[in-house]
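In what follows, every chain begins at residue 1, and chains take the letters A, B, ... in the order their sequences are listed.
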There are 2 protein chains.
Amino acid sequence: MLEIVRQDAEETPSGADRVFTFFRDRLLSGDLKAGDRLLGERELALALGVSRPVLREALRSLAMLGLLDIRHGRGAYVRSADASVLGQALTLCLAPEPNILDDVLQARIAIECQAIRLACMRAGERDLQTIAVLLDTLVDSLDDPERGGSADYDFHVALVRASGSQALMKIYEAISPLLMQSHVERRRDTFREPAITSGLVEAHRQVFLALAQRDPDEAERRLRAHFAIGDDLRRKNLISTYQASTQQTRGKTS
Amino acid sequence: MLEIVRQDAEETPSGADRVFTFFRDRLLSGDLKAGDRLLGERELALALGVSRPVLREALRSLAMLGLLDIRHGRGAYVRSADASVLGQALTLCLAPEPNILDDVLQARIAIECQAIRLACMRAGERDLQTIAVLLDTLVDSLDDPERGGSADYDFHVALVRASGSQALMKIYEAISPLLMQSHVERRRDTFREPAITSGLVEAHRQVFLALAQRDPDEAERRLRAHFAIGDDLRRKNLISTYQASTQQTRGKTS
DNA sequence: GTCTGTCCGTGGTCTGACCAGTTTAGGCAG
DNA sequence: CTGCCTAAACTGGTCAGACCACGGACAGAC
């Protein structure tokens, strides 16, 4: 059957907005797939009945949202959905709030705890193998804060990915940039103490073990214990910082 | 051969992008607060050294991201961060994925379970009172799918809010529109059966009780049980649908 | 055959004008 | 003097046409 799309005159849909929603809906419905190339700006403007500046405003907005990849001299291409935009949006939303770092950490715990429960039920053998490899990497890179932090992050990402939930994964990716902010420096301050790092590895191993045994409750408990340790560490670090124990002057007491 | 010194020493920051990031950073740093009014387009264009179309592209992009509220004849005003953009972005990101509804439900469970744990520790008396009131509302609106669904939603939102975590709250708001899609119809199909609805209320009550007693583990367990019931319901509904039990033909078996 | 330079199509920008809502200030009537 | 009503001066919204800058493709020279 033939459906005539009528862009009826609502209340001031305002040209650029019309074009914007036009393309957004095309993207949502799947008419436009990632990699598709759009027509030239002049042709599009003509086809949609708007001037080029207006068309450009809409296109630019779509590009800002990460939906389009506009390249000078090449053209505009549809880009696959990207979580980075999500992250930016989240950052903007949380910008005015204080104590965002701790808050985002709570979101992280939320996602991971649910993810590992799902993973216990749905993770495949390859998922477990991947995580096991990352666990080894974690052990191998204990003395390197850079690589160690990266391995740590990869481990947790693999955990979330093993849940098989795209929604959890996307949200996790979205909060990752916020997470990074505090993660690296925190690790930089603690990696030197062997008791801590070895405990860290042990915590990861226990989480993995519970996952491999497909025990959701146990896995979540281990994971929460792992986070609790980090929380303790952070608290102690805070205390020692404010106690003016100037013996370790490497950190900035900002 | 006069060599004219060009001011753009960078690598194609591309006018509109410069303006965009300029304002975005101002918003992030707090230089621009919600409610502030921007200068006129002509003045801004002059001040930033770009033409009006370029300035407009940037402004329009910011408006699309929900950061600005541009009104014809009035001017451009800074808008407080809104979770609706987050929701849109998430929708866009998850659009190409199948089974988004179930996935988003997993995210919801993740957020709520962590939220209630935090709530057990941080909820104030007024938070508990609010939730108690909503619980009563829930009881009072058992026979109305519209009001009942709304009360249900409000109850869970209050739960998350009681966690005191803005990050959890924002993410919850972001996934809410996705949640709504499946929530209303699901409830419409089940509200008639008294056993279910009464069980539903009981589940909510138990969650609240555990929260009031500040017992994180118990609260999470109750909450998970509550979700598990919904899951069971959905599964049974699915089964009965595919068993061609045509006695209830209101639902489309798309 | 490869390299290179020119050409063409693309997005990027500018200018200047005009249209359309919104506010406001001034003038006119009471 | 007070009140309303109109018109001017904002504001953003749109348009047209032109030109610049970048990238790739083709054709010519080596």
query: Is there a donor on the side chain of H72(B) or the base of dG21(C) sitting less than 3.5 Å from an acceptor on the other?
result: no
message: Measure CG/D17(B) against P/dG12(C) and give the value in whole Å, please.
response: 9 Å
statement: Nearest-nucleotide check on DNA chain D, R74(A) vs P53(A); residue mapping nearer the 5' end is P53(A)
query: Between atom CD in E41(B) and atom P in dA9(D), what is the gap in whole Å?
result: 21 Å
- request: Measure from CZ on R18(B) to P on dG12(C) and round the result to the nearest Å.
  value: 14 Å
Nucleotide dC15(D), atom C1' - distance to CG of L46(A) in whole Å: 14 Å
field: Student check: side-chain heavy atoms of F227(A) and R108(A) closer than 4.5 Å
entry: yes
- prompt: In whole Å, what is the span from the CZ atom of R52(A) to the P atom of dT10(C)?
  reply: 10 Å
- prompt: Can a donor-acceptor pair under 3.5 Å be found between the side-chain atoms of R42(B) and the base atoms of dG12(D)?
  reply: yes
task: Would you indicate what L39(B) reaches in the nucleic acid, counting non-hydrogen atoms under 4.0 angstrom: base, sugar-phosphate, or nothing?
output: sugar-phosphate
- request: Report yes or no: does D36(B) contribute a side-chain atom to a donor-acceptor pair with the main-chain N or O of K33(B) at less than 3.5 Å?
  value: yes
Interatomic distance, L68(B) CG vs dG13(D) P [rounded to whole Å]: 11 Å
query: Does any N or O in the side chain of R122(A) come within less than 3.5 Å of the main-chain N or O of S163(A), such that one atom is a donor and the other an acceptor?
result: yes
message: What's R71(A) touching, base or sugar-phosphate or nothing? Going by heavy atoms closer than 4.0 Å.
response: sugar-phosphate
Basic-acidic side-chain contact under 4.0 Å: R60(B), D17(A): yes
- request: Take R37(B) and R60(B), find for each the nucleotide of DNA chain D with the closest heavy atom, and name the residue whose nucleotide sits nearer the 5' end.
  value: R37(B)
- request: Check D31(A), L68(A), L38(A), L28(A) against F23(A) for a side-chain contact (heavy atoms from CB on, under 4.5 Å) and give me the one that passes.
  value: L38(A)
message: Output the rounded distance in Å from CZ (R56(B)) to C1' (dC14(C)).
response: 15 Å
message: How many whole angstroms separate atom CD1 of I70(B) from atom P of dT14(D)?
response: 11 Å
